Colleague: 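Let me give you the structure first, and then I'll get to my questions.
Values in this document were obtained by computation on a predicted structure and should not be read as measured data.
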Amino acid sequence: MKPESPPADGANPSPNASPGSFDAWRALQKATDRKRADILADIVGHPSGMPTVEELDYMNPPLSEDAIRRHLHTLLDVGVVREREIDPGERLRDYPYKFYELTEAARDLFDRNGLFPEDAWRRQYESVEKTDRIREIESMPRPEA
């Protein structure tokens, strides 16, 4: 069964959509891969909805940081997540400056198809015991929307 398609406001339904464009079918194909779904659940569950690779690595011990980055790039290519950066002059030494969040198109698609409910994944994320370093990163400022 094909997912409900997003409205025609800029969505690209082509199977050969360009990187970063949003196609509901391709987005669901990539987002429902087990490992990428785990990463998306952690993005949704994160207190700010915008974790770093370091936080995602902590929450997904079987995956390496490189594997997480590869999965994030796949999700970026299909328009499910976007990368946000802290401006160079505002970065903190020894702290991450790249963050990942769901796009509005992905959140809308997931909501219409009953995927990645925020309340459930926030509770799950909060239940994980975290190190001091991860708690520090969680509390650091994120880029403005």
Colleague: Mind checking the CG-OG1 spacing from Asp108 to Thr103? Nearest 0.5 Å is all I need.
Modeller: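 These two atoms lie 9.5 Å from each other.
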
Colleague: So which heavy atom on Ala27 is nearest to which on Val80, and how close?
Modeller: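 Smallest interatomic distance, heavy atoms only, reads CB-CG2, 3.6 Å.
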
Colleague: If the condition is side-chain contact (heavy atoms from CB on, under 4.5 Å), which residues does Arg70 pass it with, not counting sequence neighbours?
Modeller: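 Here the qualifying residues are Asp66, Ala67.
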
Colleague: Just to verify, what does Asp132 make a salt bridge (Lys or Arg N to Asp or Glu O under 4.0 Å) with, not counting sequence neighbours?
Modeller: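 By the salt bridge (Lys or Arg N to Asp or Glu O under 4.0 Å) rule, Asp132 matches Arg135.
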
Colleague: Against Tyr97, only a single residue in Asp87, Ile86, Leu92 fulfils side-chain contact (heavy atoms from CB on, under 4.5 Å); can you say which?
Modeller: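 That would be Ile86; it is the only one of Asp87, Ile86, Leu92 passing the side-chain contact (heavy atoms from CB on, under 4.5 Å) with Tyr97.
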
Colleague: Quick check: does any side chain N or O of Asp33 sit under 3.5 Å from a backbone N or O of Lys35, one acting as donor and the other as acceptor?
Modeller: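 Between the backbone of Lys35 and the side chain of Asp33 there is a qualifying donor-acceptor contact (under 3.5 Å).
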
Colleague: Taking C-beta and beyond as the side chain, do Leu40 and Leu102 meet within less than 4.5 Å on heavy atoms?
Modeller: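 Side chain of Leu40 against side chain of Leu102, heavy atoms only: contact under 4.5 Å found.
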
Colleague: Report the residues that fulfil side-chain hydrogen bond (donor to acceptor under 3.5 Å, both in side chains) with Asp111, sequence neighbours left out, ordered by chain and then residue number.
Modeller: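 Applying side-chain hydrogen bond (donor to acceptor under 3.5 Å, both in side chains) to Asp111 gives Arg107.
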
Colleague: With a 4.5 Å cut-off on side-chain heavy-atom distances among I, L, V, M, F, W and Y, is there a chain of contacts connecting Ile39 to Val53?
Modeller: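 Ile39 clusters together with Val53.
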
Colleague: Among residues at least two apart in sequence or on other chains, which ones pass side-chain contact (heavy atoms from CB on, under 4.5 Å) with Glu129?
Modeller: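 Glu129 satisfies side-chain contact (heavy atoms from CB on, under 4.5 Å) with no other residue.
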
Colleague: The criterion is salt bridge (Lys or Arg N to Asp or Glu O under 4.0 Å); which residues satisfy it with Lys130, sequence neighbours excluded?
Modeller: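 Testing Lys130 for salt bridge (Lys or Arg N to Asp or Glu O under 4.0 Å), a comparison that skips the adjacent residues, returns Glu138.
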
Colleague: For residues 69-94, pull every pair meeting ring pair (Phe, Tyr, Trp, His ring centres under 6.0 Å), keeping only residues two or more places apart or in separate chains.
Modeller: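 Non-adjacent pairs meeting ring pair (Phe, Tyr, Trp, His ring centres under 6.0 Å): zero.
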
Colleague: Can any side-chain N or O of Arg36 pair as donor or acceptor with the backbone N or O of Lys30 at less than 3.5 Å?
Modeller: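 Yes, Arg36 side chain to Lys30 backbone: donor-acceptor pair under 3.5 Å.
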
Colleague: Find the distance between CD1 (Ile43) and CZ (Phe99) and round it off to the nearest 0.5 Å.
Modeller: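 If we round to the nearest 0.5 Å, Ile43:CD1 and Phe99:CZ are 13.0 Å apart.
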
Colleague: Measuring only between side-chain heavy atoms, which start at C-beta, is Met140 closer than 4.5 Å to Pro96?
Modeller: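 Heavy-atom side-chain distance check passes, below 4.5 Å.
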
Colleague: Under a 4.5 Å cut-off applied to non-hydrogen side-chain atoms, are Met50 and Lys98 in contact?
Modeller: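 Sidechains of Lys98 and Met50: no contact.
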
Colleague: Measure the spacing between CG of Asp77 and OG1 of Thr74 and express it to the nearest 0.5 Å.
Modeller: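 With rounding to 0.5 Å, CG (Asp77) is 6.5 Å from OG1 (Thr74).
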
Colleague: Could you state the interatomic distance from OG1 (Thr32) to CG (Leu115), rounded to the nearest 0.5 Å?
Modeller: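 Answer rounded to 0.5 Å: 8.0 Å.
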
Colleague: Among residues at least two apart in sequence or on other chains, which ones pass side-chain hydrogen bond (donor to acceptor under 3.5 Å, both in side chains) with Glu126?
Modeller: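 With neighbours one apart ignored, the set is empty.
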
Colleague: One pair to check against side chain to side chain contact (heavy atoms under 4.5 Å, CB included): Met59 and Tyr125. What are the steps and the verdict?
Modeller: CA-CA 8 Å; Met59 297 298 287; Tyr125 193 96; 3.5 Å; yes

Colleague: Arg91: which residues meet the salt bridge (Lys or Arg N to Asp or Glu O under 4.0 Å) condition with it, sequence neighbours left out?
Modeller: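 Per chain and number, Arg91 pairs via salt bridge (Lys or Arg N to Asp or Glu O under 4.0 Å) with Glu85.
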
Colleague: Quick one: side-chain hydrogen bond (donor to acceptor under 3.5 Å, both in side chains) partners of Glu136, sequence neighbours excluded?
Modeller: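 For Glu136, the residues satisfying side-chain hydrogen bond (donor to acceptor under 3.5 Å, both in side chains) (neighbours in sequence not counted) are Tyr95.
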
Colleague: Donor-acceptor pair, distance only, cut-off 3.5 Å: does the side chain of Asn113 make one with the backbone of Leu109?
Modeller: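 Answer holds: yes.
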
Colleague: Could you pull out all residues at least two apart from Arg34 that satisfy side-chain hydrogen bond (donor to acceptor under 3.5 Å, both in side chains)?
Modeller: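 With neighbours one apart ignored, the set is empty.
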
Colleague: Is Tyr100 linked to Ile134 within one hydrophobic cluster, defined over Ile, Leu, Val, Met, Phe, Trp and Tyr using a side-chain heavy-atom separation of less than 4.5 Å?
Modeller: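 Not linked; separate clusters.
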
Colleague: Name all residues meeting the side-chain contact (heavy atoms from CB on, under 4.5 Å) criterion together with Ala37; count only those two or more places apart in sequence or in a different chain, and write none if there are none.
Modeller: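 For Ala37 the side-chain contact (heavy atoms from CB on, under 4.5 Å) partners, ignoring immediate neighbours, are Phe116.
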
Colleague: Between Phe22 and Gly79, which heavy-atom pair has the shortest distance, and what is it?
Modeller: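 That would be CD1-O, 3.3 Å.
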
Colleague: Which residue pairs pass the side-chain hydrogen bond (donor to acceptor under 3.5 Å, both in side chains) test with at least one member in residues 52-63, sequence neighbours excluded?
Modeller: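 Output for this query lists Asp42-Asn60, His46-Glu55, Thr52-Glu55, Glu54-Arg133, Glu55-Arg142.
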
